[in-house]
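Small disclaimer: the values here were computed from a predicted structure and weren't measured. Naming: A, B, ... by sequence-line order, numbering from 1 per chain.
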Amino acid sequence: MKTEHELDALIAGLSAELKPSRDLWPELEQRLTDPEAMTEKVVQLKPNQWLSVPFASAYVASAASVLFAVTLFWQPATPTQPLVFNPQMLDAETAIVYSFEQAKAEQLASMKAVDPVYADWQQQLAQWQQAIAQVQMALKYNPNEALLLKQLKQLYSQQQNYLQKVVQSGLV
Amino acid sequence: MLRSECPEQKVLAMDDLVRLSQQGDRVAFRQLYQQHSGRVYAVCLRLLADRSKAEDACQEVFVKVWQQLTLFRGDSSFSTWLHSIASRTAIDVWRQDKLLRLATEELPEVAGAELGQSRELEQLILRLPHQARAVFVLFALEGYQHQEIAELLGIAEGSSKSQYHRARQLLREWLDEN
């Protein structure tokens with residue numbers, strides 16, 4: 001086994017800096033330029049397009065339930081302090097939904113154009129959203145069921161990966 | 001310890017960049033980002049052990065810095081101030097991640113090429129158990145004391161010490177295996 005001294009030497013050799021695999025500045029600059037643009041853009045993308053797909057109602061219901069859950073658990077420590085997100089106060093389902101919905105909003109906000117190969121991306125997303133809504137429905141009857149939570153996370157993950165490809169297709 | 005101040009010759013340039021950024025100069029802020037993103041990303045990646053989350057957290061840090069720049073009065077160095085925000089932001093995401101992991105035992109998306117020359121040890125750090133990794137990174141790499149770590153992570157000081165020794169023990173074992 002390595003000695004404590006050898007381990008210390010290895011630790012001392014670690015670099016203070018690591019470089020991200022991609023340039024984060026363009027997305028960051030967009031957030032600095034107009035922090036509200038993300039929200040506005042999501043709203044612009046959604047009404048005409050999302051409401052036209054068959055599963056839009058499921059999506060809206062899901063978003064409303066997330067908003068309700070977050071509002072329910074997201075409270076300031078004192079009345080005079082600003083709202084602070086405290087993930088320790090959330091249950092596992094809400095934490096999963098909150099995390100992925102937030103990431104999804106950011107992905108949608110960064111979307112500029114879409115390659116024709118992903119022309120049906122909204123329908124694809126709506127289908128995932130329907131599956132997510134079904135798992136959430138099951139979770140209402142079996143709260144904190146580990147397998148359902150795992151399924152929920154996997155569905156969100158798949159949706160996120162797909163959306164990432166859609167976003168990147170427009171950046172090429 | 002990596003928690004150090006910038007060399008004297010860079011302090012003046014840094015002051016100018018901070019001042020300009022406080023006035024809303026995004027070109028200056030980009031330079032600040034370029035100078036500091038490596039260290040910010042390092043703490044995010046080592047704490048979160050997930051490239052995608054680390055990238056998100058890194059961006060979040062700089063958004064916070066941009067928003068709070070006018071509050072920076074120079075009582076400490078800009079580097080110290082920024083890395084305090086970086087650590088706390090990464091820890092917030094780490095806490096959220098801890099909850100998410102209750103739902104699944106999936107392995108995180110571990111980083112690859114960006115790990116640099118000490119890749120083996122970097123990879124092993126990312127393999128450490130959630131809490132042991134956080135304590136190890138904050139103590140051994142970021143220079144925090146166990147009392148500070150206990151407050152940041154919401155654990156007992158004794159737990160911080162024992163998690164640190166556990167992390168070192170695991171790293172020594174794994175390094176021997178490889």
Spatial distance of atom [atom1] ([X]) from atom [atom2] ([Y]) [nearest 0.5 Å]:
{"X": "A/Lys19", "Y": "B/Ser37", "atom1": "NZ", "atom2": "OG", "value": "9.0 Å"}
{"X": "A/Gln102", "Y": "B/Glu60", "atom1": "CD", "atom2": "CD", "value": "7.0 Å"}
{"X": "A/Ser99", "Y": "B/Lys53", "atom1": "OG", "atom2": "NZ", "value": "7.0 Å"}

With only heavy atoms counted, which part of A/Glu27 is less than 4.5 Å from chain B, the side chain, the backbone, both or neither?
both
What part of A/Glu4 gets closer than 4.5 Å to chain B, counting heavy atoms only: side chain, backbone, both or neither?
both
Assigning hydrophobic clusters by single linkage (Ile, Leu, Val, Met, Phe, Trp, Tyr; side-chain heavy-atom cutoff under 4.5 Å), is B/Phe29 placed with B/Leu20?
no
Those residues at least two apart in sequence (or on a different chain) that pass side-chain hydrogen bond (donor to acceptor under 3.5 Å, both in side chains) with B/Glu157 are none
Partners passing side-chain hydrogen bond (donor to acceptor under 3.5 Å, both in side chains) against B/Trp66 (at least two apart in sequence or in another chain)
none
How far apart are the C-alpha atoms of A/Asp8 and B/Arg168, what are their side-chain angles, what is the distance that settles it, and do they pass the side-chain contact (heavy atoms from CB on, under 4.5 Å) test?
CA-CA 9 Å; A/Asp8 283 335; B/Arg168 286 185 66 99; 2.9 Å; yes
Contact summary for [X] and [Y], nearest pair of heavy atoms:
{"X": "A/Leu24", "Y": "B/Gln59", "answer": "O-NE2, 3.2 Å"}
{"X": "B/Ala42", "Y": "A/Ala16", "answer": "CB-O, 3.5 Å"}
{"X": "A/Leu18", "Y": "B/Tyr41", "answer": "O-CD2, 3.3 Å"}
{"X": "B/Leu175", "Y": "A/Leu10", "answer": "CD1-CD1, 3.6 Å"}

Given side chains that start at C-beta, do those of B/Gln35 and A/Glu17 come closer than 4.5 Å, heavy atoms only?
no
Derivation of the side-chain contact (heavy atoms from CB on, under 4.5 Å) call for A/Leu14 and B/Ile125:
CA-CA 11 Å; A/Leu14 287 174; B/Ile125 290 170; 3.7 Å; yes
Donor-acceptor side-chain pairing of A/Ser21 and B/Glu55 below 3.5 angstrom
yes
Residues 83-91 of chain B vs chain A, non-hydrogen distance cutoff under 4.5 Å, contacting residues -> none
Can you pull the side chain to side chain donor-acceptor pair (under 3.5 Å) pairs that have at least one residue in residues 25-34 of chain B, sequence neighbours excluded?
none
Specify which of B/Val93, B/Leu121, B/Leu171 makes the most heavy-atom pairs with chain A at under 4.5 Å.
B/Leu121
